[in-house]
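First the proteins, then the strands, lettered A, B, ... as listed; each starts at 1. FYI, side chains are in, hydrogens and waters are out, and symmetry mates aren't considered; it's all heavy atoms of this structure. Keep in mind it's a predicted model, so treat the numbers as computed, not measured.
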Number of protein chains: 2
Amino acid sequence: MVLSERKKKILAAVVDEYVRTAEPVGSKAIAQSAGLGCSSATIRNELAELVSLGYLEQPHTSAGRVPTPMGYRMYVNELMQKQKLSLEETEELNRRMNQRLRELDDTIDSVSRLASQLTDYPALALTTRTAVTIKRFDIIYVDANTFILVVMLSDNTVKNKLVRLPVSVDQRLVQRLSALFNSGFTGITDDQITPLLINSTERAADDTMGITSVIAAFAIEVLSDAGTPTSFVSGENRLLSQPEFRDPDKAHRLMGYLSGGGYLLPPDQTPTGAGEIKVLIGPENVAEELKDSSVVIATYDAGDNTKGMIGVVGPTRMDYSTVAAKLSILAAGLSRRLGSGDAPPEGLHNKLIVKGDKHE
Amino acid sequence: MVLSERKKKILAAVVDEYVRTAEPVGSKAIAQSAGLGCSSATIRNELAELVSLGYLEQPHTSAGRVPTPMGYRMYVNELMQKQKLSLEETEELNRRMNQRLRELDDTIDSVSRLASQLTDYPALALTTRTAVTIKRFDIIYVDANTFILVVMLSDNTVKNKLVRLPVSVDQRLVQRLSALFNSGFTGITDDQITPLLINSTERAADDTMGITSVIAAFAIEVLSDAGTPTSFVSGENRLLSQPEFRDPDKAHRLMGYLSGGGYLLPPDQTPTGAGEIKVLIGPENVAEELKDSSVVIATYDAGDNTKGMIGVVGPTRMDYSTVAAKLSILAAGLSRRLGSGDAPPEGLHNKLIVKGDKHE
DNA sequence: GTTGGCACTCTCGTCTTTCGAGTGCTAATA
DNA sequence: TATTAGCACTCGAAAGACGAGAGTGCCAAC
């Protein structure tokens with residue numbers, strides 16, 4: 001059944017009001033706020049119907065109405081859109097965010113921190129990388145017992161490791177190894193680094209000291225690390241400012257889930273198109289701990305096989321429209337900044353595009 | 001005034017019991033638990049004196065007694081020690097911790113996470129570095145528009161950055177710059193990198209494209225980053241399992257302070273001797289937000305000018321003896337593992353001592 | 001100095017009452 | 001037929017009443 005225009009307006013008003021006040025909203029309040037010229041009695045009739053349709057519910061008789069997950073869903077899918085256009089005032093927020101993005105490095109923790117600050121909800125950022133390979137392999141000889149491994153990956157991040165040996169190593173051996181790794185270990189994924197490959201490299205380098213396997217172990221570690229999704233939560237404490245989490249046990253459960261690396265999306269629902277916004281309302285979540293919370297997720301594109309997600313968690317009574325708008329602006333900003341890293345947009349000096357490990 | 005032996009025993013019993021139950025403890029409970037053969041009436045007299053001496057207080061008449069900060073202080077300074085020896089049962093915990101330490105990388109966030117897990121309180125880890133210098137400077141030429149900066153610092157960590165230029169750079173220029181930076185920029189601190197030094201390097205390298213300043217900016221950034229104390233909080237949510245933080249507002253305030261990078265120690269009280277344990281009880285804290293919480297801090301030595309601190313935050317009713325014991329074991333383990341990085345203790349292969357950036 | 005006894009105090013949980021917001025229904029109205 | 005005003009009704013939240021119980025302080029006896 002399709003809702004009448006008036007029912008839609010009323011439903012939207014209930015959601016808006018409830019999001020604002022966190023209190024069940026009564027017919028009288030709607031009669032005033034939503035600008036449709038009818039009395040509270042009419043509204044009451046409509047509300048009763050919305051309840052029986054499943055969009056609203058009342059905590060108990062003689063209380064106002066509260067949206068059901070289905071009501072929120074309707075709001076997010078159809079009603080909110082109309083407001084979204086009026087969100088162009090957030091342009092100035094956009095500007096503020098861009099300013100922040102400039103100071104921001106591309107590590108996942110600062111992304112999540114920023115998202116949490118902007119939305120005032122706990123935020124979780126994560127990246128999913130696929131099929132990262134080594135683009136370049138360098139070994140810097142420091143002294144006879146020490147060298148530095150430097151690896152540049154296909155996503156243009158650079159990893160390094162300092163290796164110290166209890167034995168002395170010939171500088172020429174290091175050079176041979178460097179050349180061999182650069183030819184043999186580039187362009188392959190971690191599961192292609194087989195004992196066979198390592199052995200043949202060892203022989204080719206004439207390495208009698210087992211250094212090859214140390215370096216290979218590093219290569220495997222870096223590749224598998226880079227292929228593993230990482231996540232970072234921040235702003236858990238903001239949960240506590242929400243009235244629905246005044247119960248410390250409830251808050252504790254959810255926060256525990258979040259900081260335990262709990263995922264926001266079911267594994268199969270990996271992020272798809274960049275720029276897409278996904279909303280999961282209450283029971284739509286698979287994780288038991290999220291069943292009475294909502295999640296808004298934005299996807300951004302961080303270039304070469306790397307997709308990022310920024311998710312925000314809050315009560316089902318969440319300011320979906322604002323959060324979605326903010327997240328999509330943020331995701332767009334991140335895509336712009338991280339994604340097309342190949343076209344340096346600005347002048348020289350420290351406006352150069354630089355990428356690399358965060359400096360701790 | 002010095003406390004009688006019996007008063008000390010009673011005070012210790014009150015603290016122990018209160019730590020365990022979080023409820024004001026009455027005379028009767030003590031008469032039973034503490035094995036001193038006297039009746040509750042006697043205890044009551046003693047308790048009354050302890051109150052007037054300032055070691056205990058009662059929330060209201062007809063309630064049991066609760067330790068004051070002064071009472072906790074006495075407990076921590078004198079009474080707890082005697083128990084500490086009996087803590088040798090924690091040997092097996094020690095073993096467990098060592099096992100964890102082996103898998104642990106040396107980044108501050110995993111240290112804090114581990115501390116929080118072990119103690120079940122929120123934990124904050126931070127490092128204070130002083131006077132870090134560059135030990136070695138390498139520039140890896142990738143292609144005409146791209147090179148990688150690799151810097152090895154005096155604390156044996158390695159940092160890197162990928163630089164992409166909108167213009168082509170001659171490989172020989174890169175080599176010249178590498179040599180110049182290696183001679184001119186090593187062994188100095190960030191404030192010694194002056195415009196003068198940069199200019200002379202630029203001229204010496206015959207760099208007409210301003211690349212020198214980009215590299216110098218990286219050097220400054222790395223050095224100042226490394227010199228800046230970093231902190232990392234984890235396990236904030238564990239706060240919520242403490243009865244004294246059932247008030248969401250109170251919990252929110254403290255968690256906000258912690259995740260806002262609030263420091264646990266007053267700036268002048270920087271960590272001194274490694275292995276030292278510091279306890280700050282309630283109002284002894286300077287930060288307003290910590291005034292009714294307690295903090296236990298252990299210092300560890302991470303080698304070359306790098307000191308680390310692990311702090312744990314909880315209610316004044318904190319299990320000081322256990323927390324202190326656990327933290328000191330943890331700190332000792334960290335010092336052992338991170339500190340003397342110059343004597344590779346074990347065999348070859350992947351038991352080599354390796355240090356470096358965490359791989360994201 | 002210690003102990004048993006006892007009256008006293010104060011909190012906590014339970015129960016009751018009151019208050020008011022909001023409803024559903026009905027009858028009147030456009 | 002849709003809307004509205006009116007009104008009795010419901011139910012939860014806040015406020016008070018009250019008994020139970022834990023613990024104290026004090027006193028007199030040991």
Side-chain angles (χ1 to χ4, degrees), chain A residues 1 3-11 13-18 20-68 71 243-244 246-247, chain B residues 1 3-11 13-18 20-68 71 243-244 246-247:
Chain A
M1 173 200 176
L3 293 182
S4 74
E5 209 52 37
R6 190 168 68 185
K7 280 203 180 58
K8 285 185 182 175
K9 267 194 176 166
I10 292 178
L11 178 52
V14 171
V15 174
D16 285 334
E17 190 68 8
Y18 185 59
R20 207 172 54 81
T21 64
E23 306 262 308
V25 4
S27 54
K28 201 163 182 179
I30 296 178
Q32 291 170 349
S33 77
L36 22 96
C38 58
S39 78
S40 64
T42 312
I43 307 274
R44 272 205 291 284
N45 291 331
E46 297 280 56
L47 286 177
E49 282 187 65
L50 282 169
V51 167
S52 69
L53 287 171
Y55 293 105
L56 296 177
E57 64 186 350
Q58 27 191 352
H60 46 265
T61 355
S62 90
R65 304 311 206 287
V66 164
T68 60
E244 22 271 288
R246 293 202 72 77
D247 173 14
Chain B
M1 171 199 177
L3 292 183
S4 74
E5 208 52 38
R6 190 168 68 183
K7 280 204 180 56
K8 284 184 181 176
K9 266 194 176 166
I10 292 178
L11 177 53
V14 172
V15 173
D16 285 334
E17 189 68 7
Y18 185 60
R20 207 172 55 79
T21 64
E23 305 262 308
V25 3
S27 54
K28 200 163 184 182
I30 295 179
Q32 290 170 349
S33 77
L36 23 97
C38 58
S39 78
S40 64
T42 313
I43 307 276
R44 273 206 289 284
N45 291 332
E46 297 281 55
L47 286 178
E49 282 188 64
L50 283 169
V51 167
S52 69
L53 287 171
Y55 292 106
L56 297 177
E57 65 186 349
Q58 29 191 350
H60 46 265
T61 357
S62 90
R65 304 309 207 285
V66 163
T68 60
E244 21 273 288
R246 293 202 71 77
D247 174 13

Check: [Y] and [X] side chains under 4.5 Å, non-hydrogen atoms:
X     : Y     : result
A:I10 : A:E5  : no
A:L3  : A:Y55 : yes
A:L50 : A:V14 : no

[X]: partners by side-chain contact (heavy atoms from CB on, under 4.5 Å), with sequence neighbours left out:
X     : value
B:A29 : none
B:R20 : B:E17
A:N45 : none

Under the side chain to side chain donor-acceptor pair (under 3.5 Å) test, residues paired with [X] that sit two or more places apart:
X      : result
A:T68  : none
B:E46  : B:R6, B:K7
B:E244 : B:R317

Point-to-point distance, once rounded to the nearest 0.5 Å, from CZ of B:R246 to CG of A:D247:
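If we round to the nearest 0.5 Å, B:R246:CZ and A:D247:CG are 6.5 Å apart.
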
Check: First and last nucleotide of DNA chain C in contact with chain B, 5' to 3', at under 4.0 Å to a heavy atom: what are they?
Finding: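 Contacts span C:dT2 to C:dT11, reading 5' to 3'.
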
Any pair counted as side chain to side chain donor-acceptor pair (under 3.5 Å), so long as it reaches residues 25-42 of chain B, sequence neighbours left out:
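Of all non-adjacent pairs touching residues 25-42 of chain B, those that pass side chain to side chain donor-acceptor pair (under 3.5 Å) are B:S27-B:R44.
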
Nucleotides bounding contact with chain A, strand DNA chain D, heavy-atom threshold 4.0 Å |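 Extent of the interface on DNA chain D: D:dT3 to D:dG12.
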
Counting only non-hydrogen atoms, which of residues 25-32 of chain A are less than 4.0 Å from DNA chain C?
->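 Only A:G26, A:S27 qualify.
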
Next item on the list: For B:K9, enumerate each residue passing the salt bridge (Lys or Arg N to Asp or Glu O under 4.0 Å) test, keeping only those at least two apart in sequence or located in another chain.
Entry: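 Testing B:K9 for salt bridge (Lys or Arg N to Asp or Glu O under 4.0 Å), a comparison that skips the adjacent residues, returns none.
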
**Neighbours of DNA chain D within residues 56-66 of chain A, by heavy-atom distance under 4.0 Å** =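 Those residues are A:H60, A:T61, A:S62.
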
